[in-house]
Visitor: 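Input: one structure, supplied below.
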Amino acid sequence: MIAGACSVSKQTNAQTVANEPHRPQFHFTPKAHWMNDPNGMVFLNGTYHLFFQHNPGGTTWGPMHWGHATSKDMMHWEEQPIALYPDSLGTIFSGSAVVDKNNTAGFGKNALVAIYTCHNKAIEDAKTGLHQYQGIAYSTDEGKTWTKYEKNPVLPNPGIWDFRDPKVRWYEAEKKWVMTLATKDRITFYSSPNLKQWTKESEFGEKLGAHGGVWECPDLFPLDYNGQKKWVLLVSINPGGPNGGSATQYFVGHFDGKTFIPDNPVTRWVDYGTDNYAGVTFSNLGDRQVFMGWMSNWQYAERVPTQNWRSANTLPRELGLAKSGNDFILTSTPVKEMATIINKASVLQNITVNTSYDISDKIQAYNGKYVVDLEVDGQKDIALHLTNAKGDLLVIGYEKAGNAFYIDRTKAGEVNFEPGFAKKMTAPRNAQGNINLKIIIDAASAEVFADSGRTVLTAIFFPQEPLNLLHIKATAPLKVLKLKHAGIATAIK
Ligand code: FRU
C-alpha cells in the first residue's frame, strides 16, 4: 500500500512557530500535534532521516503514524509529509530503518526498509495478546513514498502481550540481519537473511537490570574502546526510571551474532534526568553511534503546557565508552555538528566564587538558548541558578554530600499540571577529580553533560519567560578554572 502524499498536519506558519511559548529553537519538534519516540533514524546519501511516533489528529497520544523529518547536519531539521499511515494490520508503532545495500530483500539495491510494529486495536480489545507483530515497508526514493510489503506481518506474535519496537542492524561477520525486539520483561534477538523471514536466536534480561516497568525500544550496537570491540544494549523501561517514570538503561558486553552476554549486569542509565526516553541510534553511520531520545516522560507527556504541539527530541549525542574501575561505561556528548549553530564563545578564567558570582549581563543576550561549559577546581558544591525577571528558578549543580549531580526544577515556572513534576532529580557521580559540566539550554529544556559525558541529566521545564539570568553559587569558596559561554542560533524553520 502506498502512503498518501497529502500532508495531514495543519502547518502553522514559521513565524508563529518560532515565537510560540516553550517552543525549542534548535531541538526537533513537529510543527503541530503529538510526537513520541524517534523511529527509523538513518543516514542516506548525505541526508539524516528522522521518523517519529506521531498522532496527526491531536496533541496527545493516539493512532500512531510515522512522521518524517530530514536534515543535512542533525541540527536543522525540515519536517516532511507523513511517511507511514495506519493500515488494516494496525497503527504504526516504533521501529527502525536500514539501507539494504546488498538488496537482500529484493526491493532494490540501497532500498530504505522500515521495520516497525503493527499495533492492532481490535485484537488488543479481544485480549488474546496477539495484537503486536512486525511489518516492513520500503522506499526507493529516499523516504518520500513507501510501499508496505504485501506479505506482512514478517514476524507474527507468538503470544506475548508486549511484542514490539524492532531495531535491526546488519551483522557483517555472518552476513545477516539481527533484530533486537522488546518482549515484555526481556529482549529477544532474531536474525534474518532478507528482512522477511526471522529466526529466534536468544533471549536476554528476564532477571537482569531494572524491571520497574515494561521493557521497550531496545538497541544493540558495537563501540570501540582503544581497539577493543564491545557491544552496548539499550533498554528503555516505563515506569521505573531512576528519578521516576520512563528512562533508558544500558548494558555493555559481548555479542556473537546470537547471544548477548553482559560484562557486569548492574543497572546503569543512559541519562538520569526525567526527560530522555525511547532513544536509539542512527543506522548507516559507519562507526559512529549517534543517539537521540524523546525529551519527555510518559508520566506527564500528554499534559505538558505546550499548545499546538507536544514534545521535542534530545540533541543528537555521540556515544562512546570510558572505563570506571574494571567496567565499561557509556559516555554521551553533543555531536560535533552542533558547532554549526553555536555562536562565538567567550571564555572567563580563574573565577573565585565566594558565595555568588553573577554572569547575567553576559547570558541575557542569548535569550534563553545557550551553552555553558565550566571546569571546577576539585570536587566542591556548585550550583548554577538560572532565573528570569519573573523569579522562575532552575538549579543545576553538584553536591559533595551525596556525591551527585542534580537538576532542580521545583520552581522553574509552570509545574502544577502534574503532581510530581516539581522535583529535584539526581545522578550519582562516576568520576574523580575536577568536575566539568556542559549545560545546554533551549527555551524549555536543560541537557547536562557532566565529567565529559560520563553522567548525563536531561530535564524539561516551562518558565514564564526565558531563563536568561545566571548566577554561580558556592557553599565554600570555589575556583572555576574555566567558564565558556556562547549563544546558540535558532535552527528551526
Ligand atoms: C515507547 C512506546 C513504544 C511503542 C510506542 C507507541 O514510548 O510505548 O514501546 O512502540 O511508544 O507509540
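We count ligands from 1, going down the list as the structure has it; atoms in each ligand are counted the same way. Remember, predicted model here, so these are calculated numbers, not experimental data.
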Visitor: What residue and atom, counting heavy atoms only, is the protein's closest point to atom 2 (C) of ligand 1, and at what distance?
Guide: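 That would be Asp37 OD2, 3.4 Å.
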Visitor: Return the closest protein heavy atom for atom 12 (O) of ligand 1 as residue, atom name and distance.
Guide: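 Looking at atom 12 (O) of ligand 1, the protein heavy atom closest to it is Gln53 OE1, 2.7 Å.
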Visitor: What I want to check is whether the side chains of Ser236 and Trp215 have a donor and an acceptor closer together than 3.5 Å.
Guide: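 There is no such pair between these side chains.
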Visitor: Could you work out, for atom 10 (O) of ligand 1, the closest of Val214, Asp165, Ile237 by heavy-atom distance?
Guide: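 Going through Val214, Asp165, Ile237 one by one, Asp165 has the nearest heavy atom to atom 10 (O) of ligand 1.
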Visitor: Between Phe282 and Tyr48, is the gap from one ring center to the other below 6.0 Å?
Guide: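 Ring-ring flag for Phe282/Tyr48: true, centres closer than 6.0 Å.
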Visitor: CG/Asp87 to OH/Tyr85 distance, rounded to the nearest 0.5 angstrom?
Guide: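 It is 13.0 Å, given to the nearest 0.5 Å.
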Visitor: Among all protein heavy atoms, pick the one closest to atom 8 (O) of ligand 1 and tell me residue, atom and distance.
Guide: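 Looking only at protein heavy atoms, the one closest to atom 8 (O) of ligand 1 is Glu216 OE2, 2.9 Å.
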Visitor: Please check if any side-chain donor atom of Asp451 sits under 3.5 Å from a side-chain acceptor atom of Thr455, or the reverse.
Guide: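 Absent: no donor and acceptor within the cut-off.
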Visitor: Identify, by atom number and element, the atoms of ligand 1 in contact range of Arg164, meaning under 4.0 Å from any of its heavy atoms.
Guide: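 The list of qualifying atoms is 3 (C), 4 (C), 9 (O), 10 (O).
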Visitor: Need the ligand 1 atom indices (1-based, order shown) with element for anything under 4.0 Å from a heavy-atom of Met64.
Guide: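 Per the distance check, 12 (O).
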Visitor: Within the 4.0 Å heavy-atom shell around Ser94, which atoms of ligand 1 are there?
Guide: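 In order of number, 5 (C), 10 (O).
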Visitor: What pair of heavy atoms forms the shortest contact from Pro56 to His65, and how long is it?
Guide: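 So the minimum-distance heavy-atom pair works out to CD-ND1, 3.3 Å.
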Visitor: With a 6.0 Å cut-off on the ring centroids, do Phe255 and Trp231 count as close?
Guide: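 Yes; Trp231 has its ring centre under 6.0 Å from that of Phe255.
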Visitor: Please check if the distance between the ring centroids of Tyr300 and Phe421 is under 6.0 Å.
Guide: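 They qualify: ring centres under 6.0 Å apart.
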Visitor: Is the contact between Asn36 and ligand 1 made by the side chain, the backbone, both, or neither, using heavy atoms and a 4.0 Å cut-off?
Guide: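 Side chain only; the backbone of Asn36 stays clear of ligand 1.
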Visitor: Of the non-hydrogen atoms in Glu79 and Phe52, which two are nearest, and what is the gap between them?
Guide: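 Result for this residue pair: OE2-CZ, 4.2 Å.
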Visitor: Please could you name the atoms of ligand 1 that Tyr277 approaches to less than 4.0 Å, counting only its heavy atoms?
Guide: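 Checking each atom against Tyr277, I get 1 (C), 7 (O).
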Visitor: Consider ligand 1: state whether an atom of it lies below 4.0 angstrom from any non-hydrogen atom of Thr117.
Guide: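 No heavy atom of Thr117 comes that close to ligand 1.
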Visitor: So, 4.0 Å and heavy atoms of Trp294: is ligand 1 close enough to count as a contact?
Guide: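 The answer is no: ligand 1 sits nowhere under 4.0 Å from a heavy atom of Trp294.
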